[in-house]
Amino acid sequence: MALSDILNDTSVLLNDQTYSFTSKSQLTRWVNEARRNCAKRTGCIRRLLSGNSAFGASSQPGVFIPGAAQPGALPGAVPSAQAPQGQAANSLNTIPNVERYPYQGFFNPYLQASYAGVDYILDTITCAVNWGGTTRPVLDWMPWDDFQAYCRSYSVLNSAYPAIWSVFNDGPTGEIWLFPIPSQVCEFELDVTCAPKSLYSDNDFDAISEAFQESLKYKAASIAFEASQRYAQAQAMEDRFADNLGIARVAVDRGKTKSYYYSAY
């Protein structure tokens with residue numbers, strides 16, 4: 001759905017199709033606020049942030065798979081930061097003897113380079129780290145207070161392949177901490193939820209899927225009604241926004257069956 005369509009739908013709800021009471025630029029700001037709110041509530045922008053190109057996603061002579069090329073999948077990339085000279089390599093890796101990796105300044109630049117329409121990480125669902133090249137296990141997670149009490153109680157450097165991770169700080173200011181502290185360069189792979197970049201024209205890519213875009217007009221209208229102190233109408237639009245998000249979430253994932261063949265286990 002293009003930005004102009006969302007603006008038109010919102011202006012109809014406000015009975016202000018000519019933008020006489022709310023300017024288009026201001027309504028655009030509120031639409032973008034609604035988009036960020038949608039992403040926070042639903043986690044609908046989910047991305048796999050990897051230091052290793054996905055198998056079958058690299059464009060190489062003779063092995064290109066139509067439709068499988070992905071942003072950020074480097075042609076000929078190898079799973080190592082120490083690639084031979086002239087060979088492509090992703091560099092989202094651990095740093096030897098460094099335990100702290102913030103979203104801001106470390107992970108976000110890779111996210112923005114790999115995927116269109118995303119701005120920053122909101123939360124990490126899983127964290128995997130490559131162990132020496134052939135194994136990339138998902139690490140065990142600990143709440144920060146337990147991580148601080150048990151893992152960081154060592155006052156001397158304890159380095160090896162990371163086995164445990166935790167997040168310090170909330171939301172966009174989060175930091176991933178690893179234990180044991182990485183002893184060498186290893187590829188990261190994060191399953192993350194993200195915030196969308198703001199839209200300013202119909203040419204901007206919207207990372208929010210179509211299933212969730214239909215709810216945005218209600219949130220933007222709610223903010224506009226609140227700004228004009230029409231609180232009853234604002235609450236009505238807020239309720240419609242929440243209802244539509246619920247419908248969209250059910251439509252996206254109605255659940256999965258792990259296995260139909262239990263006797264095989």
Next item on the list: Show the numbers, then the answer: is there a ring-ring contact (aromatic ring centres under 6.0 Å, His included) between F188 and F107?
Entry: CA-CA 10 Å; F188 268 113; F107 288 110; 5.2 Å; yes

Next item on the list: Show your working on side chain to side chain contact (heavy atoms under 4.5 Å, CB included) between D140 and W165 and close with a plain yes or no.
Entry: CA-CA 6 Å; D140 293 336; W165 71 290; 5.9 Å; no

Item checked: Criterion side chain to side chain contact (heavy atoms under 4.5 Å, CB included) on I125 and T193, from CA distance to verdict -> CA-CA 8 Å; I125 300 170; T193 57; 4.0 Å; yes

Next item on the list: Apply ring-ring contact (aromatic ring centres under 6.0 Å, His included) to F147 and F168, showing your working.
Entry: CA-CA 10 Å; F147 185 86; F168 182 67; over 10 Å; no

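Between K219 and E33 no salt bridge is recorded (no basic side-chain N to carboxylate O distance below 4.0 Å). Between D206 and K197 there is no salt bridge, since no side-chain nitrogen of the basic residue lies less than 4.0 Å from a carboxylate oxygen of the acidic one. A salt bridge links E189 with R136; the closest basic N to acidic carboxylate O contact falls under 4.0 Å.
Crowding of D145 atom CG: a count of heavy atoms from other residues, nucleotides or ligands under 6.0 Å exceeding 12. Summarising the local packing, CD of Q17 is surrounded by more than 12 heavy atoms from other residues, nucleotides or ligands at distances under 6.0 Å.
Considering every non-hydrogen atom in both D170 and T173, the closest pair reads O-OG1, 2.9 Å. Summarising the geometry of E238 relative to S222, their closest heavy-atom pair is OE1-OG, 3.5 Å, with the distance given to 0.1 Å. For P102 against F106, the heavy-atom pair with the smallest separation is O-CB, 3.1 Å. Smallest separation of non-hydrogen atoms from Y115 and V118: O-CG2, 3.5 Å. A pairwise comparison of heavy atoms in C194 and A39 identifies O-CB, 3.6 Å as the closest pair.
Remark: the backbone N or O of N203 is paired with a side-chain donor or acceptor of S201 at under 3.5 angstrom.
Side-chain atoms of N108 and Q112 form no donor-acceptor pair, as typed in the model, at a separation below 3.5 Å. Side chains of D16 and S11: no donor on one and acceptor on the other come within 3.5 Å. Under 3.5 Å, the side chains of N32 and R35 contain a donor-acceptor pair of N or O atoms.
A continuous path of ILVMFWY side-chain contacts below 4.5 Å connects Y218 to L3, so both sit in one hydrophobic cluster. Under a hydrophobic-cluster definition in which Ile, Leu, Val, Met, Phe, Trp and Tyr are linked whenever side-chain heavy atoms come within less than 4.5 Å, directly or via other members, V31 and L13 are assigned to the same cluster. Under a hydrophobic-cluster definition in which Ile, Leu, Val, Met, Phe, Trp and Tyr are linked whenever side-chain heavy atoms come within less than 4.5 Å, directly or via other members, W30 and I6 are assigned to the same cluster. No continuous path of hydrophobic side-chain contacts links W177 to V129 [ILVMFWY only; heavy atoms under 4.5 Å]. Cluster annotation: V167 is not connected to L122 through the hydrophobic network of ILVMFWY side chains, with a link wherever side-chain heavy atoms come within less than 4.5 Å.
With rounding to the nearest 0.5 Å, the separation of CG in D5 from NZ in K217 is 10.5 Å. To the nearest 0.5 Å, the span separating CG on L92 from OG on S114 amounts to 8.0 Å. Put simply, OG1 on T22 and CD1 on I223 are 11.5 Å apart, with the number rounded to the nearest 0.5 Å. Summarising the geometry, atom CG belonging to L178 is positioned 12.5 Å from atom OG belonging to S159; distances are rounded to the nearest 0.5 Å. Distance check, rounded to the nearest 0.5 Å: CD of Q213 to SG of C44 gives 9.0 Å. In this structure, T94 OG1 and N130 CG are separated by 9.0 Å, a value rounded to the nearest 0.5 Å.
Listed by chain and residue number, Y154 satisfy the ring-ring contact (aromatic ring centres under 6.0 Å, His included) test with F179 (two or more places apart in sequence, or in another chain). In terms of the ring-ring contact (aromatic ring centres under 6.0 Å, His included) criterion, Y231 has no residue partners (sequence neighbours excluded).
The cationic group of R230 does not satisfy the cation-pi geometry with F225, failing either the under 6.0 Å distance to the six-membered ring centre or the 45° limit from the ring axis.
In this pair, W131 and Y161 present their aromatic rings parallel. The plane angle is below 30°, not in the 30 to 60° band.
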Donor-acceptor list for residues 241-250 side chains, cut-off 3.5 Å, not counting sequence neighbours:
| unit_1 | atom_1 | unit_2 | atom_2 | d |
| --- | --- | --- | --- | --- |
| N244 | ND2 | R240 | O | 2.8 |
| R249 | NH2 | T42 | O | 2.8 |

